[in-house]
Amino acid sequence: MTQPTEYTPSELMIVNAARALKGKRVVFVGVGLPNIACNLARRSHSPEMELVYESGVFGAHPARLPLSIGDPTLVSDATAVTSIADLFMLYLQGGLIEVALLGGAQIDRYGNLNTTVVGDYAQPKTRLPGSGGACEIAINAREIFMIMRLNRRAFVEKLDFRTSPGHLDGGNARQKLGMPGLGPQVVITDRALFTFDNPEREMMLTEVATGETAESIQSHIAWPLRISPDLRQMTPPTPTELAIIRQELDPAGLYR
Amino acid sequence: MTQPTEYTPSELMIVNAARALKGKRVVFVGVGLPNIACNLARRSHSPEMELVYESGVFGAHPARLPLSIGDPTLVSDATAVTSIADLFMLYLQGGLIEVALLGGAQIDRYGNLNTTVVGDYAQPKTRLPGSGGACEIAINAREIFMIMRLNRRAFVEKLDFRTSPGHLDGGNARQKLGMPGLGPQVVITDRALFTFDNPEREMMLTEVATGETAESIQSHIAWPLRISPDLRQMTPPTPTELAIIRQELDPAGLYR
Amino acid sequence: MSQAVSRFVNDGDVVAIEGFTAFICFAAGHEIIRQKKQELTLVRMTPDLIYDQMVAAGVAKKMIFSYLGNPGVGSLYAIRRAVEKGIPRPLELEEYSHFGMVARYLAGASNLPFFPLRSYTGSDMLAANPLIQFVQSPYGDGEIAVVPPLKPDVAFLHAQRADAQGNTQLWGLLGMQKEVAFAAKKVVIVVEEVVEEAVIRRDPNRTLIPGLIVDAVVHEPFGAHPSYVQGYYDRDNAFYLDWGEQSKTAESTDAWLQEWVYGVPDRAAYLQKLGQERLASLNPGEMWSGEVNYGRYA
Amino acid sequence: MSQAVSRFVNDGDVVAIEGFTAFICFAAGHEIIRQKKQELTLVRMTPDLIYDQMVAAGVAKKMIFSYLGNPGVGSLYAIRRAVEKGIPRPLELEEYSHFGMVARYLAGASNLPFFPLRSYTGSDMLAANPLIQFVQSPYGDGEIAVVPPLKPDVAFLHAQRADAQGNTQLWGLLGMQKEVAFAAKKVVIVVEEVVEEAVIRRDPNRTLIPGLIVDAVVHEPFGAHPSYVQGYYDRDNAFYLDWGEQSKTAESTDAWLQEWVYGVPDRAAYLQKLGQERLASLNPGEMWSGEVNYGRYA
């Protein structure tokens with residue numbers, strides 16, 4: 001019996017996201033890594049987890065790996081399919097979403113996200129997709145989990161554009177603005193895990209992957225990194241986790 | 001061949017309402033007299049008329065005479081059935097309703113209606129049904145046609161409670177408040193017809209039924225009545241109109 | 001139903017039993033009467049016979065509504081007795097128009113501080129209900145009426161069918177069932193049929209209420225009698241007409257409650273008393289929707 | 001379609017071709033390109049390939065949107081060229097979040113001066129778009145973002161089926177088709193099948209768009225290719241992937257437009273060029289909804 005011991009950065013992120021989702025019941029999810037992470041959580045520790053797609057699908061039972069959040073395979077055999085207005089008004093703003101998974105081109109130390117432009121807004125160097133639903137998801141979902149590759153272009157001192165609010169300038173800034181959700185809780189990357197579990201709500205290194213150190217992680221981050229007093233080594237993906245991903249969730253290896 | 005020459009007060013109101021609806025395309029309608037009037041209009045001069053029911057039904061094809069606006073026979077074989085929210089937001093407030101038919105316990109000279117209480121609001125002598133949809137219908141429908149029996153308890157100097165705005169205090173009071181609809185256009189009764197076709201938007205006698213005079217009508221109205229300079233005699237219901245009502249629309253004579 | 005009422009309805013709660021002419025869950029109302037709940041605030045756009053009976057039984061201190069009538073028949077005498085004469089106890093009224101009630105449910109369902117609507121200008125309803133307010137449009141086009149959110153403590157909503165998880169499908173007059181379900185803190189779904197999840201999943205667009213927000217599913221056939229359920233039974237119009245007479249005095253109303261509510265232990269007994277023949281007379285016949293293809297996409 | 005575009009689209013119009021991933025009416029977009037319409041403001045939550053092609057063809061001066069991407073693939077290069085480099089002409093952007101766009105459609109559809117939503121607080125989108133404002137709740141619970149109504153001059157909406165009067169039924173991802181239809185001043189419905197009115201009336205709850213607000217019905221099978229129509233065909237994913245390459249330079253984009261838009265007179269010719277085999281490969285198989293009984297109530 002061969003046990004996989006090697007894993008890709010994507011697999012590491014999927015496994016860590018799935019673990020972070022343990023015990024969550026209603027998750028707002030996009031396709032790609034977040035979709036695979038949710039399904040890994042369902043097949044391992046959280047079979048009761050319900051997925052809500054931004055496209056208006058609740059209780060999807062796709063007959064194939066969906067290629068986008070609008071894939072028709074998500075509709076056929078789903079429990080409920082609703083208009084986008086109902087999705088945003090009743091499900092998201094109504095407060096039903098426990099966790100949403102977000103990512104972006106840039107993130108700052110308070111978990112604010114940029115998905116709009118690199119450079120100046122009026123004269124952008126690179127025009128990115130924009131908010132989509134991210135801005136209101138970041139405000140209304142009870143908790144936000146981020147999934148992003150760790151690198152210095154993404155983990156910046158100052159965002160070029162703040163598309164979706166995280167903890168804003170830190171502390172209780174969100175509550176002061178009356179935001180319903182609690183904001184970013186965890187940042188899952190291919191090299192480390194961060195939480196915001198401190199009064200300033202500042203991104204804090206809590207786990208490093210095999211082969212990484214606080215110093216190596218700092219080298220990918222533009223600001224002086226806050227480090228948890230009990231920094232831990234990440235438990236690598238288990239053979240079981242990897243087997244579910246490779247054999248059941250992404251047999252074609254699209255997201256490897 | 002026997003030709004009906006006698007008719008009931010209800011039949012007179014139905015016929016006059018149907019005639020007033022000539023050329024109107026989208027009518028918001030309740031059951032009872034308004035329903036029969038609309039269907040008479042459809043079977044005589046306005047086959048293209050579309051009926052919208054407050055219950056959310058568009059394009060009803062009832063297999064029997066409906067007993068209420070919520071009768072299931074209105075749903076089966078209808079063109080569209082929608083939620084109450086959509087009905088009020090998209091159809092009514094969206095500006096699709098050309099004419100709505102309203103009635104009430106009291107009406108004043110500016111076509112304001114009371115369907116809420118007789119007596120004091122907090123200690124009512126008689127508690128009436130209240131607004132239902134009438135208040136927003138009176139504000140948003142392009143034109144309002146009233147159907148009411150003429151009598152002194154109903155045509156009052158001052159309403160006990162103004163449930164639904166007509167022309168308020170007259171003149172361009174509606175426009176000043178930004179109301180989308182034009183307000184009351186005609187009052188159809190069992191003895192006379194009134195319009196508001198004057199700068200003050202005050203109820204004005206324009207047609208009297210056979211056997212009535214301006215004086216006899218005034219005796220049923222609490223305020224000094226404005227009379228049209230070209231007051232006309234009402235054309236009585238024709239045999240054809242009465243035949244459609246009696247044989248097709250209300251064969252059981254429920255609304256006679 | 002007995003369990004659902006005792007578990008989810010507390011004295012003093014704001015309770016909504018909704019449904020526009022159709023889907024009115026009399027089964028829930030009668031059980032609330034039998035369990036002698038007290039000081040309830042009853043919420044419904046059209047109080048109808050169900051709240052006339054509940055008010056007569058004295059379970060309510062207040063009613064939030066928009067149209068007070070016996071549809072197609074006339075007055076609701078028990079509610080009028082409470083309002084006009086305080087019998088059996090005074091009833092506080094909080095009153096809106098239909099659209100205002102829908103807007104309150106919408107605000108509650110979507111966690112908005114208010115919902116705007118073009119109504120109430122020039123109406124005395126403004127003076128009668130200070131919760132109706134106006135806000136200025138920031139786009140320079142005047143002001144508009146708004147109403148605050150309404151979030152009932154518990155809603156009883158009737159439908160044709162649901163699965164065991166509460167994924168609920170209904171057809172016919174959709175009314176405000178979806179909005180109330182999302183607005184309410186607890187939701188009890190009462191259905192004609194409990195079906196397999198697979199039945200629901202064959203037509204996901206027909207699922208108006210997801211199991212996600214449902215706290216209990218009660219299987220109660222004919223639970224909406226004398227109102228109707230599209231495709232399952234017709235409105236029992238004789239009942240509505242009879243109630244117009246029966247409810248005219250407090251005594252005759254109480255007699256009816258004794259016989260038909262207190263005098264029966266549950267809905268099954270009520271239906272048995274009503275008789276098979278009467279129920280059969282409400283059969284609506286068949287008119288099927290046709291099928292659409294969602295595609296397999298495997 | 002040629003007639004609908006020439007009749008309902010004027011230079012300078014605000015045009016919406018909507019549909020969330022599904023129902024994207026490429027047939028309308030291509031005909032607008034062929035008719036060389038000018039100075040359009042294009043409205044869509046997710047501009048997708050359709051607006052990438054239209055912007056590349058130079059029909060647009062402005063775009064109102066909320067998410068700019070090739071779903072599941074990557075960038076929309078033609079739009080990025082217009083925004084970043086002004087090729088073939090500069091493109092003004094007016095930008096919202098998804099919910100903000102939906103709220104604008106809702107306000108437009110329901111004749112409201114604004115629609116409130118819990119979004120935008122703490123976002124730089126506020127500075128980038130001064131049309132996003134805040135209003136104070138009159139109930140003492142703070143302020144909330146609002147957006148103004150959006151009423152496109154004309155909307156092209158794809159669906160599975162409609163009758164000749166435009167009574168339109170769709171299933172699958174409902175997106176914002178209903179809200180856009182009610183918001184738009186003119187509505188063109190494009191369908192896979194034109195059916196008898198009787199088919200529509202068998203299932204009135206599935207009618208999302210009433211003929212009342214429809215100005216034209218165009219029968220255009222596969223009119224949404226390469227997007228999909230639930231139950232009729234699948235998304236042509238190869239097309240989306242290919243476009244990621246094809247659109248990388250202005251030259252290759254133009255070449256594609258020459259071949260597939262200007263080079264074909266209409267949709268039928270486009271489909272013929274695409275080939276029967278490719279269309280057949282998009283067959284989604286069958287998964288039927290089951291029927292429900294509405295009852296005859298005679």
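For clarity, every value in this text was computed on a predicted model and none was experimentally measured. Per chain, numbering begins at 1; letters A, B, ... match sequence-line order.
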* Set of residues satisfying ring-ring contact (aromatic ring centres under 6.0 Å, His included) with respect to D:His158, sequence neighbours excluded -> none

* Do D:Asp153 side-chain atoms and D:Val15 backbone N/O form a donor-acceptor pair below 3.5 Å? -> no

* Heavy-atom contact with chain B under 4.5 Å, split by part of D:Leu208 -> neither

* Shortest non-hydrogen contact from D:Ala145 to D:Ser119? -> CB-O, 3.3 Å

* To do: Please state whether the side chain, the backbone, both or neither of B:Val75 comes within less than 4.5 Å of a heavy atom of chain D.
  => both

* What distance separates D:Ile17 CD1 from D:Ile24 CD1, expressed to the nearest 0.5 Å? -> 10.0 Å

Between chain D and chain B, identify all donor-acceptor pairs below 3.5 angstrom, including backbone and side-chain atoms.
{"unit_1": "D:Ser110", "atom_1": "O", "unit_2": "B:Gln93", "atom_2": "NE2", "d": "2.7"}
{"unit_1": "D:Asn111", "atom_1": "ND2", "unit_2": "B:Gln93", "atom_2": "O", "d": "3.4"}
{"unit_1": "D:Lys178", "atom_1": "NZ", "unit_2": "B:Asp86", "atom_2": "OD1", "d": "3.4"}
{"unit_1": "D:Lys178", "atom_1": "NZ", "unit_2": "B:Asp86", "atom_2": "OD2", "d": "2.5"}
{"unit_1": "D:Arg201", "atom_1": "NE", "unit_2": "B:His61", "atom_2": "ND1", "d": "3.4"}
{"unit_1": "D:Arg201", "atom_1": "NE", "unit_2": "B:Asp77", "atom_2": "O", "d": "3.0"}
{"unit_1": "D:Arg201", "atom_1": "NE", "unit_2": "B:Asp77", "atom_2": "OD1", "d": "3.3"}
{"unit_1": "D:Arg201", "atom_1": "NH1", "unit_2": "B:His61", "atom_2": "NE2", "d": "3.1"}
{"unit_1": "D:Arg201", "atom_1": "NH2", "unit_2": "B:Asp77", "atom_2": "OD1", "d": "3.4"}
{"unit_1": "D:Arg201", "atom_1": "NH2", "unit_2": "B:Asp77", "atom_2": "OD2", "d": "2.8"}
{"unit_1": "D:Pro204", "atom_1": "O", "unit_2": "B:Val81", "atom_2": "N", "d": "3.2"}
{"unit_1": "D:Asn205", "atom_1": "ND2", "unit_2": "B:Val81", "atom_2": "O", "d": "3.2"}
{"unit_1": "D:Thr207", "atom_1": "OG1", "unit_2": "B:Thr79", "atom_2": "O", "d": "2.8"}
{"unit_1": "D:Tyr294", "atom_1": "O", "unit_2": "B:Ser76", "atom_2": "OG", "d": "3.1"}
{"unit_1": "D:Gly295", "atom_1": "O", "unit_2": "B:Ser76", "atom_2": "OG", "d": "2.5"}
{"unit_1": "D:Tyr297", "atom_1": "O", "unit_2": "B:Thr73", "atom_2": "OG1", "d": "2.9"}

* Does any heavy atom of chain D fall under 4.5 Å from the side chain of B:Leu90, the backbone, both, or neither of them? -> both

* Got a second to check how far B:Met148's CE is from B:Leu33's CG, nearest 0.5 Å? -> 12.5 Å

* To do: Determine the option with the most heavy-atom pairs under 4.5 angstrom with chain D, choosing from B:Gly94, B:Ala63, B:Ala78.
  => B:Ala78

* Can you check whether D:Tyr233 and D:Phe222 have ring centres sitting under 6.0 Å from each other? -> yes

* What part of B:Pro180 gets closer than 4.5 Å to chain D, counting heavy atoms only: side chain, backbone, both or neither? -> side chain

* Is there a donor-acceptor pair under 3.5 Å between the side chain of D:Tyr120 and the backbone N or O of D:Ser97? -> yes

* Is there a side-chain contact (heavy atoms from CB on, under 4.5 Å) between D:Val43 and D:Phe65 once you walk through the steps? -> CA-CA 6 Å; D:Val43 181; D:Phe65 75 102; over 6 Å; no

